[in-house]
Amino acid sequence: MKSRKRTNWVAMILIALGTVFILFPLYMAVTIALKNQNDMLNSIFGLPTNLRFENFAKAIEMTNFFQALGNSAIVTISTVVLTILSNSLVAYAVARNMGKSKFFKGLYFYFISAMFIPFPIIMLPIVKLTASFGMTNLFGLIILHTVYGLAFNVFIYVGYIRSIPIDLEEAATVDGTGTFGTFARIIFPLMAPINATVGILICLSTYNDFLLPLVIISDQSQYTLPLVQYVFQGQFNTEFNLAFASYLLAMLPMVVIYLFAQKWIINGVTQGAVK
């Protein structure tokens, strides 16, 4: 007779509580976005009496949503591409030379130490430097996002690259392939799983970033989506229903991208496991 497995009620309760804590803010965001001001005054937790889908249209108009979405898309896509191409090259040079060169070993630990420097400490020098170079625009924002993520990306890239057998590169060298050709034809394709991971992390952090665009961007026509949410903040009141409608609209592209990218990461890890 087969013994029945006992249900772990402690784990079930913790999972249920975790689900509630995750879904409750989403419930609040959706219900508030569909309410009018009277519903907000009567009960902030209750369901809306009438679904106000026009809140989304008004939020799009007030924030100039599609222009801000275009700015965020330009910054995010450019940062992801530039980060993967440049940071992987830096990490490759560090990973393959840190064992035989004190300079590259010191460079690696320099990048590691940079991870512990909080952004507010270097914020003022960055603002002055970008202003002096005329980079208080989307281009400057792309460069800063790429450089600011270099320390963490080198850290995870180096660990992955050092797991790739060096015999593959030695065979390519015997065939007459140069260093860059070896990286582009052999190493970079094998880095698909870690490139996917870095790409998703950079995509989410860049798209959702508020502080760096706030201190860098000076032209309102170049504001990204997190910045335009300020339009709902009044001196004496805040239009929460329109604000939450705008938040949901801004969140939707990243939710869709993450759902598709999550599958791609899993496929990339599976492919990388049999290299």
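Numbering of residues begins at 1 and proceeds along the displayed sequence.
- Residues L242 and F56 fail the side-chain proximity criterion, which asks for heavy atoms closer than 4.5 Å.
- Here the CG atom belonging to L82 is positioned 13.5 Å from the CD1 atom belonging to I77, to the nearest 0.5 angstrom.
- Taking each heavy atom of I186 and L190 in turn, the nearest pair found is O-CG, 3.3 Å.
- When side chains are defined from C-beta on, L201 counts as touching T197, because their heavy atoms get closer than 4.5 Å.
- Within a 6.0 Å radius of CD in Q220, other residues, nucleotides and ligands contribute 12 heavy atoms or fewer.
- Cluster membership for L168 and F180, using ILVMFWY side-chain heavy atoms within less than 4.5 angstrom, is shared.
- For the pair L227 and T224, the minimum side-chain heavy-atom distance is below 4.5 Å.
- Within 6.0 Å of the CZ atom in F139, the count of heavy atoms belonging to other residues, nucleotides or ligands does not exceed 12.
- F133 is not connected to L124 by any chain of hydrophobic side-chain contacts under 4.5 Å among Ile, Leu, Val, Met, Phe, Trp and Tyr, and they are in different clusters.
- Contact record, A250 with F65: N-CE1, 3.9 Å, taken as the closest heavy-atom pair.
- For the 3.5 Å distance criterion, the side chains of Y157 and N195 qualify, holding a donor opposite an acceptor.
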Table please: side-chain donor-acceptor pairs of residues 90-99 below 3.5 Å, with sequence neighbours left out.
residue : atom : partner : partner atom : Å
Y92     : OH   : E169    : OE1          : 2.6
R96     : NE   : E169    : OE1          : 3.3
R96     : NE   : E169    : OE2          : 2.6
R96     : NH1  : I161    : O            : 3.4
R96     : NH2  : I161    : O            : 3.4
R96     : NH2  : I164    : O            : 2.9
R96     : NH2  : E169    : OE2          : 2.5
N97     : ND2  : A93     : O            : 2.7

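- Of all the heavy atoms in K35 and N55, the pair that sits closest is O-ND2, 2.9 Å.
- Cluster annotation: I112 is connected to F103 through the hydrophobic network of ILVMFWY side chains, with a link wherever side-chain heavy atoms come within less than 4.5 Å.
- Among the candidates V147, I142, I202, the single residue satisfying the side-chain contact (heavy atoms from CB on, under 4.5 Å) test with T83 is I202.
- By the criterion of side-chain heavy atoms lying less than 4.5 angstrom apart, applied directly or through intervening Ile, Leu, Val, Met, Phe, Trp or Tyr residues, F24 is not grouped with I15; the two fall into different hydrophobic clusters.
- One N or O on the side chain of T31 and one on the backbone of M28 form a donor-acceptor pair closer than 3.5 Å.
- In this structure F119 satisfies the ring pair (Phe, Tyr, Trp, His ring centres under 6.0 Å) test together with Y148, sequence neighbours excluded.
- Between T136 and I216 the shortest heavy-atom distance is CB-O, 3.1 Å.
- Taking both residues in full, the closest heavy atoms of S246 and Q229 are given as OG-OE1, 2.6 Å, listed atom of the first, atom of the second, then distance.
- The ring pair (Phe, Tyr, Trp, His ring centres under 6.0 Å) check on F188 picks up F183, with sequence neighbours excluded.
- Note that the OG1 atom of T146 and the CG atom of L141 stand 9.5 Å from one another [nearest 0.5 Å].
- One finds the CG atom of L225 at 8.5 Å from the CG atom of N71 (value rounded to the nearest 0.5 Å).
- Among all heavy-atom pairs drawn from P189 and A184, the shortest one is CD-O, 3.4 Å.
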Worked check of side chain to side chain contact (heavy atoms under 4.5 Å, CB included) between L138 and I217:
CA-CA 7 Å; L138 296 181; I217 301 298; 4.2 Å; yes
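- The shortest distance between side-chain heavy atoms of P226 and N208 does not fall below 4.5 Å.
- At a threshold of 4.5 Å between non-hydrogen side-chain atoms, the residues V198 and N87 do not count as touching.
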Could you please spell out the steps behind the side chain to side chain contact (heavy atoms under 4.5 Å, CB included) verdict for L212 and H145?
CA-CA 8 Å; L212 189 58; H145 274 300; 3.7 Å; yes
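- Counted within 6.0 Å of CZ on F104, heavy atoms from surrounding residues, nucleotides or ligands total more than 12; the atom is thus considered enclosed.
- Using a 4.5 Å heavy-atom threshold, the side chains of L26 and M251 count as touching.
- Expressed to the nearest 0.5 Å, how far OG1 of T79 lies from CD1 of I84 amounts to 11.0 Å.
- Linking ILVMFWY residues whenever their side-chain heavy atoms come closer than 4.5 Å, directly or via other members, places V255 and F66 in the same cluster.
- Distance check, rounded to the nearest 0.5 Å: CE of M115 to CG of N153 gives 9.5 Å.
- For the pair Y207 and P253, the minimum side-chain heavy-atom distance is below 4.5 Å.
- Note that the OH atom of Y247 and the OG1 atom of T63 stand 11.0 Å from one another [nearest 0.5 Å].
- With T76 contributing its side chain and A73 its backbone, the two residues share no donor-acceptor pair below 3.5 Å.
- Contact of the N137 side chain with the D219 side chain is not registered, since no non-hydrogen atoms from C-beta on lie closer than 4.5 Å.
- At least one donor-acceptor pair closer than 3.5 Å links the side chain of S113 to the backbone N or O of Y110.
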